[in-house]
Amino acid sequence: MGIMGMQRKIIFATGNADKMKEIRKILEDLPAEVMSMKEAGIDVEVEENGTTFEENAILKAKAVAKAAGTIVLADDSGLEIDRLGGEPGVYSARYMGEDTSYRIKNKNLIDRLEGVVKEERTARFVCAIAAVFPDGSVETATAAVEGYIGYEERGENGFGYDPIFYLWESDLSTAQLGMEEKNEISHRGKALKMIKEKLKDVLEA
Ligand code: IMP
């Protein structure tokens, strides 16, 4: 399925500038222009009422694809903490309220794990990416990075829960990694690389 004569434009359905930076970096060598919704002049509100990351990613990409007529990618991601029954999970952005600062959210999660030993603080960032093509077909990719919730916030990079999410190998938080280092191992980096292979096939067909 080529996109014959179509503009080689890919819209990434997110309003999150931090995510957009990571995404652009990973997709920079694709033969297509990667635009945010804002750059594409599209403004749609999507209710993320799916129960899985994958469902939400598909919901978002389809809603935007309707308005766009080009390839649309969307992601849904979040943090799962085993000891908290998988919370905040698909509610990661909405946890304690969308407008609550991550200082407060992160502190709250550390408090909820008080007295829990490192081995039982297991957690993962999960990312599902959906690509919707102009002919309506859908491809998805889901990936995760395993780690644990630390005892304090560390690092200034990244966003969201990065300061409390630590990697087993290095005991560094993902907020202590540079963007390229994080993209190399992250849930979003891995899922994007998987979807990128599928996009290459379409763009080069
Ligand atoms: P989404 O925009 O609905 O996918 O919400 C994702 C939420 O999960 C973000 O707002 C963050 O709270 C959290 N999250 C996802 N990926 C990351 C990451 O790479 N670092 C830190 N937090 C993340």
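In each ligand, atom 1 is the first atom listed, and ligand 1 is the first ligand listed. Hydrogens, waters and symmetry mates are skipped; everything else that's a heavy atom, side chains included, is used. Just so you know, residue 1 is the first one in the sequence shown, and it goes up from there.
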Trainee: Who are the ring-ring contact (aromatic ring centres under 6.0 Å, His included) partners of Y166, not counting sequence neighbours?
Mentor: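 Result, ring-ring contact (aromatic ring centres under 6.0 Å, His included) vs Y166: Y148.
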
Trainee: Salt bridge (Lys or Arg N to Asp or Glu O under 4.0 Å) between D82 and R121: does it pass, once the steps are laid out?
Mentor: CA-CA 7 Å; D82 294 323; R121 300 172 78 94; over 6 Å; no

Trainee: Answer yes or no: does atom CD of E152 have more than 12 heavy-atom neighbours from other residues, nucleotides or ligands under 6.0 Å?
Mentor: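 Yes, enclosed.
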
Trainee: Side chains of T14 and N16: donor-acceptor distance under 3.5 Å anywhere?
Mentor: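 Not at all, the side chains of T14 and N16 share no donor-acceptor pair under 3.5 Å.
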
Trainee: Not counting sequence neighbours, which residues clear side chain to side chain donor-acceptor pair (under 3.5 Å) with E22? List them please.
Mentor: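 Testing E22 for side chain to side chain donor-acceptor pair (under 3.5 Å), a comparison that skips the adjacent residues, returns K182, R188.
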
Trainee: Contact residues of ligand 1 with a heavy-atom cut-off of under 4.0 Å?
Mentor: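 Protein residues near ligand 1 are K19, E48, K60, D76, S77, G78, S92, A93, Y102, F125, F159, G160, Y161, D162, K182, H187, R188.
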
Trainee: So, using ring-ring contact (aromatic ring centres under 6.0 Å, His included) as the criterion, who are the partners of F165 when residues are at least two apart?
Mentor: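 For F165 the ring-ring contact (aromatic ring centres under 6.0 Å, His included) partners, ignoring immediate neighbours, are F125.
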
